Asker: 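Before anything else, here's the structure in question.
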Protein chains: 2
Amino acid sequence: MSKATYTDPVGVNDATLHYLDVIYRLTQQSDAANTTEIAEKLGVTPSGASVMLRRLAERKLVQLTPYKGATLTPEGRRLALRTIRRHRLLEMFLHQVMGFAWHEVDDHAHALETAITEPIEDRMDEMLGYPTRCPHGHLIPRKDGTLPKVKDVPILSLAPGMRSVIRCVDTDNSDWLKYLGEQGLKPGAKVTLKGVAPYGGPVTIETSDGDVAIGQNLAELIYVEPE
Amino acid sequence: MSKATYTDPVGVNDATLHYLDVIYRLTQQSDAANTTEIAEKLGVTPSGASVMLRRLAERKLVQLTPYKGATLTPEGRRLALRTIRRHRLLEMFLHQVMGFAWHEVDDHAHALETAITEPIEDRMDEMLGYPTRCPHGHLIPRKDGTLPKVKDVPILSLAPGMRSVIRCVDTDNSDWLKYLGEQGLKPGAKVTLKGVAPYGGPVTIETSDGDVAIGQNLAELIYVEPE
DNA sequence: TTGACTTTTTAGGCTCGGCTAAATTACAAT
DNA sequence: ATTGTAATTTAGCCGAGCCTAAAAAGTCAA
Ligand SMILES: [Mn+2]
Ligand SMILES: [Mn+2]
Ligand SMILES: [Mn+2]
Ligand SMILES: [Mn+2]
C-alpha cells in the first residue's frame, strides 16, 4: 500500500485548502478576511479558526494581522486558485462528460476537489477543450493563476429592453439553480430585461421560450454580457 | 461551505477504509489477518496498528482476537468491498473514458477511491456498461457485495500447447504492467503457453504478434481462461 | 519444562484540527 | 474620556491516528 504518490507537500491537506479557499473568496470582496466570517463559512467556531489561522500564518500561507484579519500570501493564493480551478473543472466534467445536471455538480465537485491528481486535472481540461467557465459561469483560473478577462454585468444594471446573453448565475444553491434552469435562465441564454416592478416586485425577463417573472433576489444572481 | 453532504456515517474515513481494505485482502489468503502484516501493508508500526485495530473492533467493523488476528464483521466487509468496487470502477473509468494507460490508473484510483460519492460510482458503472473487471482483470464487486463467478487459472498451470485467453494480470506494479502490455500480454489477449525452461528459466508464450519470453516471476501474475 | 525468540499489546507522547470558557482588544456611543 | 458591546485571541481540553520504548504473551526447540 504505497504512500500518496501524487500528493502535495506535507501539510497541504483538506482543512488547509478549505481555509485558503474561503479566505480567497472573502478577500475578493473586502481587503482582509476576518476571523468570524471565515469561521462561519467553514462551520467552525471563531476560536477554532483563530488558532488555525495562526498555524497557516506560521506556514506562510496567510498574512495575519491580529484583530484585523487575514490575506493570502502568494503561495496561499496559488493553492486557493488551484482548488477553485479543480472545483470548476470538475463541475464542468461532471456536467458535460458525465451528464449530471447543473444543480447537482457542486456537491460532487466539493467531494473530489482536494483528492484529484494533477494528471487528472490536466486530462479533464483537455477533454473539455480548455473551458474558461464552470456550468454556472464562474471563471476557471488558469494553471498559472491568472483569470480570463470578462465583461459580465448584473442583469439588473441594464436598461429595460436591452438584449443580452447570460454569462453567470452566481449561486451554489441547488434549488435555485434547478428552478432558474427550468425557466431557461442559464449561461448562454439570450435574454432581454423587460422590467422591474417597484417595491421589490418581480423582474420580468424575455427568453427564447417566452417571458418569465422571478423575484429580485434571484435576478440579482444573474450576470450578463450586453449585446 | 456546507458539510459533507454525500459522506458516510461519522468515523468512516480514509484511515478506516484503508485498514478494512487491507484486512479484507489478507483474510482472502488466510483466515485471520495478523497485526504485523496489516501494519506492513499500511506502512505503520505494529503498535500503531494494534491500537487502531482495537478502535475498529469497538466500532464493530472488525472481529479481533488478541494475539491471534483480525477478521471483518459484515459491516466491515461491506465497506471494504465498497472501496474495492470504487477503486476498480475508477480504474476502468480512467482507462476507458479518460484514456489513461493501464499501468497509470492504480495510483489515480487510490487518490479518488475514498472521495467519490455514490451517484458518481453509479454513473461511472452505467457509462462503462456495468463492467465485471478492472483493466487488470480483477473482479469488480457488485453493489450487493457479491462477486462474479469466474474460472481463471494461472497460465503456468496449463499444459504446454494449450490455447487460452488472458483474464487477469495480478499486480499493481506500474513498470511490470507497462512491460507486459507492450508484449501484448493483457486481458483479452489470446495466448498459448509454449513452454517453461527449467531451473527458473524463461516462459515462452505465443501471442497474435508472435512469441514472447518472460521471466517466471512475471508469468506467475498471469491468469487465463482455457479455451 | 524451561528458555529464547518473536509477536503483540501497553504506556506515554506527539500533531492536527476541533471545542468551550475566559481574557483581551477594538470600537462605537455616550 | 469613559463605558458597554462585539470581535478576537488565549487557555485548557479532547479524539483520531500515528510514534517509540517497554512489558507481556505466545511459540517453539532443547
Ligand atoms: Mn461550485
Ligand atoms: Mn460552479
Ligand atoms: Mn489497483
Ligand atoms: Mn486493477
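Order of the sequence lines sets the chain letters (A, B, ...), proteins ahead of strands, with each chain counted from 1. Quantities reported herein were computed from a predicted structural model and do not represent experimental measurements.
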Asker: Report the distance from atom CD of Glu40(A) to atom C1' of dT8(D), rounded to the nearest whole Å.
Answerer: 14 Å

Asker: Under a 4.0 Å N-O cut-off, is there an ion pair linking Arg85(A) with Asp125(A)?
Answerer: yes

Asker: Which of the following nucleotides, dT24(C), dG17(D), dT9(C), is nearest to the side chain of Thr16(B)?
Answerer: dG17(D)

Asker: What is the distance from CG of Leu42(A) to C1' of dG18(C), rounded to the nearest Å?
Answerer: 12 Å

Asker: What is the minimum heavy-atom distance between Ala33(A) and Thr27(A), and which atoms define it?
Answerer: N-CG2, 3.8 Å

Asker: From C-beta outward on Met52(A), which listed nucleotide comes closest to its side chain: dG17(C), dT10(D), dC27(C)?
Answerer: dG17(C)

Asker: Looking at Lys178(B) and Glu182(B), does any basic side-chain N land under 4.0 Å from a carboxylate oxygen?
Answerer: yes

Asker: Is any N or O donor-acceptor pair between the side chain of Ser47(A) and the base of dT20(C) shorter than 3.5 Å?
Answerer: yes

Asker: Report the nucleotide, chosen from dC16(C), dA25(D), dT27(D), that has the shortest atom-to-atom distance to any side-chain atom of Tyr67(B).
Answerer: dA25(D)

Asker: For the pair made of CZ in Arg55(A) and P in dC19(C), what is the distance, rounded to whole Å?
Answerer: 12 Å

Asker: Starting from P on dA16(D), measure out to CG on Leu61(B) and report it in whole angstrom.
Answerer: 13 Å

Asker: Would you check if there is a donor-acceptor pair between the side chains of His108(A) and Glu104(A) at a distance under 3.5 Å?
Answerer: no

Asker: Does the side chain of Lys68(B) get closer than 4.0 angstrom to OP1 or OP2 of dT9(C) through an N or O atom?
Answerer: no

Asker: Below 4.0 angstrom from OP1 or OP2 of dT8(D), is there any side-chain N or O of Thr36(A)?
Answerer: yes

Asker: Ignoring backbone atoms, establish whether Tyr19(A) has a side-chain N or O less than 4.0 Å from OP1 or OP2 of dC16(C).
Answerer: no

Asker: Mind checking if Thr45(A) touches a base, just sugar-phosphate, or nothing, with heavy atoms under 4.0 Å?
Answerer: base

Asker: With respect to the side chain of Asn13(B), which nucleotide from dG17(D), dG17(C), dT8(C) is positioned closest?
Answerer: dG17(D)

Asker: Once you round it to whole Å, what is the distance between P of dA6(D) and CG of Asn34(A)?
Answerer: 16 Å

Asker: Taking atom types as modelled, find out whether His103(B) and Ser174(B) have a side-chain donor-acceptor pair closer than 3.5 angstrom.
Answerer: no

Asker: dT15(C) P sits how many Å from Asp14(A) CG, rounded?
Answerer: 21 Å

Asker: Quickly work out the His18(B) NE2 to dC18(D) C1' distance and round it to whole Å.
Answerer: 15 Å

Asker: Nearest-Å distance, CG (Leu53(A)) to P (dC16(C))?
Answerer: 15 Å

